[in-house]
Amino acid sequence: MKDPNYYADLYNVYGKKPKKIRVLDSTLREGEQHPGVSFTVKQRIQIAWMLDYFGVDQIEISPIVSDDHKEAVKTIIKQGLKADIVSHGRALKEDIDVSLSCDAKWCAAYLGISDIHLKDKLRITRDQAMERAVGTVEYAKSHGLKIRFTVEDGSRADPEFLLKICRAIEEAGVDRISVPDTVGILRPVGMYNFVKKVREAVDTPLDAHVHNDIGFALANAFAACDAGVDQIHTTIDGIGERTGIPSLAEVSVALTYLYKSPNDFRLDMLQDLSRLIEEYTSIRPYDSKPIVGTSAYKHKAGTHLAAILRNPAAYEPIPPRVVGNRRRIVFGELAGKTGASYLMSILGLEKNDESAKLVAQGLKNLRMGDLIELPLEDKLEKKIINDEKREKPKEK
Ligand code: HCA
Ligand code: CU
């Protein structure tokens, strides 16, 4: 038999050559903008280490928020991590100075360019915005910094002005441009068209920063890749301003399995990363959250149990261990004959078709919904668990 995902894979990569898409994680910047999130300096350092070990390409953090943040940025930069540390601030010389004082090599500057941002937030004209954008890039470059420029609210800006500003900052030497859908108003094809316009106007590498206000963030991030972006912004569990941005788990798994992007992610850290955020913020991911949710690998209906007990791939796109999750089966009124017979075998009861049928009927008659949940490891997982046990030093 072919790999269970063989034909689906053919649809996914249809005529496309996989290209490498990078990840910038902004848990320490966008993530801290989520209501109720505020990390300590130590927590920020630990999160940065873990993100680096996981394999993201860039880690974004803002030193301009508070002295505390500045201290974290300085310390994280000193660690010499593999990922670039991107010091985020407004498109102002004074913010670039803060990044310089942290010894940053990379900075990011954002400036609202839609009419509403210019008029009602910044209270400046388009000409003044243009001057500020170019001035900021030139200032950063003249101080030896690499700079990403974010045309904030770009999806709602006049395309003519958007392209004019992109061309001008490219001329000034910008290293990357972030094309954001700041209020999450685009649908995937809209995001594609938006990015395509910018892609055709400039050669600078592009970042996709997309918000999830209507639930399209993940789809829009990948539509942006199809249009020429080569870096996606994420946060752990997707936390961020309002409804946040795409989650690191979903993006990294999609890149690896659906897009075949050659990244080097330690996907088995994903659930631990999610748990870490839960511990530091008391924000609990909802149980059906893809990849990391507690229900992401639970199987319940009798027909599903029957298949899973023979081959879990029947109802799983990717094995749970690969992403640090665990498979569980739920026994209750939906368990069916196969489920009941499995339950009987682990309870050490002699089973036959007739008694399994009776137990299944009994579970239904109880009308108590789910009764118990059990972990279900496959052969390979059992082997790994046993090896792990063996590796542990014996206690005296
Ligand atoms: C913000 C706005 C921003 C910036 C994105 C970026 C957005 O909160 O500063 O710098 O790429 O959504 O536009 O998060
Ligand atoms: Cu944002």
Side-chain angles (χ1 to χ4, degrees), residues 21-35 37-38 56-66 69 73 84-92 95-96 98-99 104 106-118 120-122 129 132-133 136-137 140 145-157 162 165-166 169 174-186 191 194-195 198 204-218 220-221 224-225 229-248 251:
I21 306 289
R22 301 151 41 103
V23 168
L24 171 145
D25 189 275
S26 189
T27 303
L28 299 176
R29 198 278 297 172
E30 178 82 53
E32 282 213 39
Q33 291 176 222
H34 192 85
V37 179
S38 173
V56 303
D57 301 275
Q58 299 199 316
I59 295 171
E60 184 173 82
I61 177 165
S62 175
I64 64 159
V65 184
S66 67
H69 280 80
V73 178
D84 302 323
I85 308 302
V86 181
S87 172
H88 192 267
R90 295 162 298 177
L92 294 172
D95 282 10
I96 302 288
V98 178
S99 293
W106 263 97
C107 70
Y110 68 96
L111 180 70
I113 61 153
S114 61
D115 290 336
I116 185 169
H117 275 226
L118 292 176
D120 291 334
K121 183 178 85 170
L122 300 164
R132 207 184 271 191
T136 306
V137 173
L145 277 173
K146 291 221 180 221
I147 179 167
R148 180 189 93 227
F149 197 92
T150 301
V151 283
E152 191 191 7
D153 208 21
S155 55
R156 296 197 298 172
L162 162 76
I165 218 161
C166 288
I169 55 178
V174 78
D175 295 281
R176 302 191 65 91
I177 299 176
S178 168
V179 280
D181 183 22
T182 301
V183 298
I185 190 68
L186 290 176
M191 186 72 198
F194 165 48
V195 172
V198 178
T204 307
L206 302 177
D207 288 33
H209 181 98
V210 287
H211 275 266
N212 204 31
D213 294 71
I214 304 183
F216 271 130
L218 185 71
N220 283 353
C225 295
V229 153
D230 79 337
Q231 181 159 273
I232 299 176
H233 292 192
T234 66
T235 59
I236 300 170
D237 285 352
I239 56 173
E241 197 82 41
R242 308 182 307 282
T243 55
I245 65 171
S247 84
L248 177 64
V251 167

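These numbers were taken from a predicted model, which means no experiment stands behind them. First listed ligand is number 1; within each ligand, the first listed atom is number 1.
- Two residues are said to be in side-chain contact when any heavy atoms from C-beta on lie closer than 4.5 Å; Val179 and Asp207 fail this criterion.
- In this structure, CD in Glu60 is found 3.5 Å from OG in Ser26, a value given to the nearest 0.5 Å.
- Atom CG of Leu24 sits about 10.5 Å away from atom CD of Glu30, to the nearest 0.5 Å.
- One distance of note links CD1 of Ile245 with OG1 of Thr235; it measures 4.5 Å at 0.5 Å rounding.
- In terms of modelled atom types and a separation under 3.5 Å, the side chain of Asp181 and the main chain of Leu186 share a donor-acceptor contact.
- Within the 3.5 Å criterion, the main-chain N or O of Ile177 finds no donor-acceptor partner in the side chain of Thr204.
- Atom OH of residue Tyr110 and atom CG of residue Asp95 lie 7.5 Å apart, to the nearest 0.5 angstrom.
- In this structure, ligand 1 sits under 4.0 Å from heavy atoms belonging to Arg29, Glu30, Gln33, His88, Tyr110, Arg148, Thr150, Glu152, Ser178, Pro180, Thr182, His209, His211, His233.
- Distances shorter than 2.8 Å separate the Cu ion (ligand 2) from the protein N/O/S atoms Glu30 OE1, His209 NE2, His211 NE2.
- The number of heavy atoms from other shown groups lying within 6.0 Å of CD1 (Ile64) is above 12.
- For Thr243 and Asn212, the side-chain atoms include no donor-acceptor pair closer than 3.5 Å.
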